[in-house]
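Only one structure is covered here, and it is reproduced in the block below.
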Amino acid sequence: MAAAGPLTDAAPGTTQFELVIGGMTCAACAARVQAKLNKLDGVAATVNLATERAHVTAPARVSVPELVRVVQGAGYSAELAAPERPDPGVAADDAAVRRLRRRLVLALVFFVPLTDLSIVLSVFPWSRFPGWQWLLVALAAPVATWAAWPFHQAALKQARHLSSSMDTLVSMGILAACGWSVYAIFFLDRSRTGRSGVASLIHASGGGIYLEVAASVTTFLLAGRLYEASARRSAGQAMRELAAAGAKEVCVLGDDGAEHQIPAGRLRAGQRFVVRPGERIAADGEVLSGQSAVDRSMMTGESVPADAAEGDSVTGGTIALTGRLIVRADRVGQDTQLAHLIALVEQAQAEKAGVQRLADRICAVFVPCVLAAAAATLAGWLLAGGAAGHAFSAALAVLIIACPCALGLATPAALVAASGRGAQLGIFIKGYQALEASRAIDTVVLDKTGTVTTGQMTVTAVRPGPGTTRHELLRYAGAVEHASEHAVAAAVAALAAAETAPLARAEGFVALTGLGARGEVDGHEVLVGRDILFAGRAITVPGDLAAWCRAREQEGGTTVLVSWDGVVRGALAVADTVKPSAAPAVARLRGLGLRPVLLTGDSPATAHAVAAAAGIDEVISGALPAAKAQVITDLETAGRSVAMVGDGVNDAPALAAAQLGLALGSGTDVAICAADMILLRDDLEVVPDAIRLARATFRTIRRNLAWAFCYNVLALPLAALGFLNPILAAAAMTLSSVFVVWNSLRLRRFPASAPREFRAAQ
């Protein structure tokens with residue numbers, strides 16, 4: 001994806017810029033950068049965490065260096081994006097995932113033996129050996145320093161700008177746990193009890209080893225951060241996939257008629273270019289000569305290719321299937337519909353970037369409170385005349401007790417459990433956005449082609465005329481259609497091959513673009529096509545057959561007539577059939593209190609026919625990609641919380657704009673990247689399952705967070721007053737984490753259906 005800055009003028013006296021932002025690790029970072037930029041007079045900015053881009057509209061008096069300084073003042077790097085530079089998003093996202101994966105692997109390697117050894121030494125004091133202290137520290141040090149460095153780095157960055165977040169509490173908890181543990185191991189045992197080793201710590205009123213706590217916090221939070229980074233990389237890939245959908249090269253036709261191959265980016269408005277069968281059209285324009293069936297499904301969602309001839313408009317990114325076209329380029333580069341499609345997806349994702357994780361919002365209040373409580377504890381004990389060592393011990397106990405082990409586990413543990421169960425059900429949850437959005441959804445918008453329908457043309461009815469058998473009709477029609485590349489012809493040929501194999505051979509085949517086809521079968525001239533083909537040849541269509549065709553077309557199908565020897569012998573109806581799972585899935589969505597809506601770029605007749613078969617009452621037809629995204633926006637403006645289900649490139653803006661985007665795994669990579677959840681089964685009943693799983697996971701996370709938060713609220717005063725024995729505190733922290741893990745693992749029993757007892761348990 002090539003970005004540019006400055007971009008075109010948004011309004012008189014203003015300019016649009018695109019900045020590449022570095023150093024953001026979570027939605028809170030994106031929100032902080034966005035808030036800093038928007039504080040500038042006249043500046044309107046949106047920050048997209050997925051692509052690490054900031055789209056800024058600023059007055060002419062605001063310079064790029066000033067914008068960069070503001071971002072740097074917030075603790076992040078920034079530079080102006082330029083078209084000649086390679087997109088840094090791919091390399092940056094991949095590098096971030098690799099770094100987190102390396103840190104997580106190291107943390108796991110040291111965390112497991114550290115935990116096992118700590119338990120053995122605590123439960124069986126006689127198992128101690130010379131130098132056990134140094135071994136514990138050696139196992140904990142790499143985890144608490146190198147593996148946990150992203151948390152320490154973020155905490156330092158935020159401290160420099162007088163702010164705090166989850167990273168602040170994590171960093172301070174890790175450092176406090178390790179610092180106190182080292183003090184307890186090497187100094188507390190002899191100075192306070194006269195004993196040596198772990199046994200002395202059991203008798204000490206203020207001691208305790210928390211090295212495994214620090215390691216566990218680091219390990220589990222790194223797992224969650226890696227999951228989030230992988231999801232962010234996939235989200236950023238959506239725009240890159242869209243950009244790759246355009247033509248890479250184009251054959252330009254010179255004034256002398258010579259053809260020259262050039263990169264598509266060098267094509268200019270007004271130039272003529274050639275499109276051969278199977279090639280993508282390089283730009284929006286008008287056909288000057290030639291005829292071809294054009295696959296427009298990527299842009300419109302229509303399952304039936306449209307015929308393009310002289311004077312017709314064509315769209316860049318669509319594919320010419322049959323004939324050769326000469327097209328005049330009218331809109332190129334950033335002015336094409338495909339470029340606008342990319343902008344729509346990017347804009348929709350940028351609007352999502354302001355959504356913060358629930359844990360971050362809690363920690364925004366919790367972290368300052370914990371720091372204040374630790375400081376107040378130290379000051380309070382000193383003012384009360386307590387010993388400095390005891391005051392320092394109590395203050396450290398507050399930080400250690402507040403170490404967010406359970407808080408850190410709350411989201412990753414639930415996500416891991418939900419992801420595992422989701423994989424069994426054919427559901428992939430890409431990130432936190434899907435969970436938070438699922439709770440408020442009241443409307444589910446379903447794309448038609450490839451989502452509610454199979455996306456493939458199929459013969460749905462055969463009507464032989466008087467004196468003609470079904471076998472004869474399919475034999476003659478299949479022989480001619482077998483030589484055609486049209487989607488309708490392929491459906492007819494497939495049925496004919498299944499029922500009359502082997503297919504007869506058609507001699508002298510001629511494709512009649514926009515009308516049908518002709519050929520000679522067994523010495524008979526056979527015509528297959530639309531009614532206009534027969535009217536032009538003065539061949540009469542029987543009234544009952546014409547009425548049958550009109551009825552099938554009102555149901556959303558396409559009909560073709562078949563004649564030989566100048567007599568119409570019958571007709572066939574072809575349609576994109578509704579999936580068997582559509583009606584049950586819609587019924588289950590209604591059972592969840594959701595309103596299903598069918599959204600399609602197809603004709604009203606076809607849309608209403610499909611909706612009736614699926615049991616959907618609300619239909620929106622004739623919607624192009626930009627209109628689809630606008631429909632989602634309009635519904636949300638009207639107060640409805642919308643989930644979008646789609647599978648095509650043309651659905652990507654709507655998937656990104658919806659509060660919850662669900663893409664079928666059998667769909668395009670662009671749709672999958674733009675969505676929040678991926679549905680791996682080609683079965684629409686997975687849609688209600690996905691929404692239920694997301695809701696159950698979000699409820700589990702909230703319950704985990706509530707438990708972890710309440711534990712800290714109750715334990716902190718006890719620690720501050722000196723009443724909490726560290727050994728009991730360690731046990732309580734362990735039980736808190738065990739509860740969070742147990743509650744999360746309940747998601748592994750999530751059923752594919754919704755029995756009453758499970759709903760009651762939730």
Report yes if some heavy atom in the side chain of [X] is under 4.5 Å from a heavy atom in the side chain of [Y]; otherwise report no.
{"X": "Arg102", "Y": "Arg99", "answer": "yes"}
{"X": "Gln34", "Y": "Lys39", "answer": "no"}
{"X": "Val71", "Y": "Ser77", "answer": "no"}
{"X": "Leu67", "Y": "Leu40", "answer": "yes"}
{"X": "Leu135", "Y": "Phe129", "answer": "yes"}

Taking all non-hydrogen atoms of both residues, which atom of [X] and which atom of [Y] are closest, and how far apart?
{"X": "Thr219", "Y": "Phe111", "result": "OG1-CB, 3.6 Å"}
{"X": "Leu37", "Y": "Val43", "result": "O-CG1, 3.4 Å"}
{"X": "Val68", "Y": "Ala78", "result": "CG1-O, 3.5 Å"}
{"X": "Pro113", "Y": "Val109", "result": "CD-O, 3.0 Å"}
{"X": "Ser438", "Y": "Ile691", "result": "CB-O, 4.4 Å"}

Inset, instruction - Go through the steps for Ile441 and Gln659 under the test side chain to side chain contact (heavy atoms under 4.5 Å, CB included), then give the verdict. - result: CA-CA 8 Å; Ile441 296 301; Gln659 289 175 279; 4.2 Å; yes
How many angstroms lie between atom [atom1] of [X] and atom [atom2] of [Y], to the nearest 0.5 angstrom?
{"X": "Leu693", "Y": "Leu747", "atom1": "CG", "atom2": "CG", "result": "7.0 Å"}
{"X": "Thr697", "Y": "Phe750", "atom1": "OG1", "atom2": "CZ", "result": "7.5 Å"}
{"X": "Arg69", "Y": "Glu66", "atom1": "CZ", "atom2": "CD", "result": "6.0 Å"}
{"X": "Ile174", "Y": "Thr218", "atom1": "CD1", "atom2": "OG1", "result": "3.0 Å"}

Suppose we screen for side chain to side chain contact (heavy atoms under 4.5 Å, CB included). Which residues come up paired with [X], at least two apart in sequence or across chains?
{"X": "Asp116", "result": "Val112"}
{"X": "Ala74", "result": "Lys36, Tyr76"}
{"X": "Pro130", "result": "none"}

Legend entry - Steps toward side chain to side chain contact (heavy atoms under 4.5 Å, CB included) verdict (Arg703, Arg746): CA-CA 12 Å; Arg703 196 171 289 124; Arg746 293 175 64 246; 4.2 Å; yes
Inset, instruction - Could you walk me through whether Cys178 and Leu211 pass the side chain to side chain contact (heavy atoms under 4.5 Å, CB included) test, one step at a time? - result: CA-CA 6 Å; Cys178 291; Leu211 292 175; 4.2 Å; yes
Please tabulate, for side-chain N and O atoms in residues 138-156, each donor-acceptor pair with protein atoms closer than 3.5 Å (sequence neighbours left out).
from, atom 1, to, atom 2, distance (Å)
Thr145, OG1, Ala141, O, 2.5
His152, ND1, Ser171, OG, 2.7
His152, NE2, Ala144, O, 2.8

Inset, instruction - Please report the C-alpha distance between Thr700 and Asn743 in whole Å, then the side-chain angles of each, then the deciding distance to 0.1 Å, and finally whether the side chain to side chain donor-acceptor pair (under 3.5 Å) criterion is met. - result: CA-CA 7 Å; Thr700 299; Asn743 191 49; 4.8 Å; no
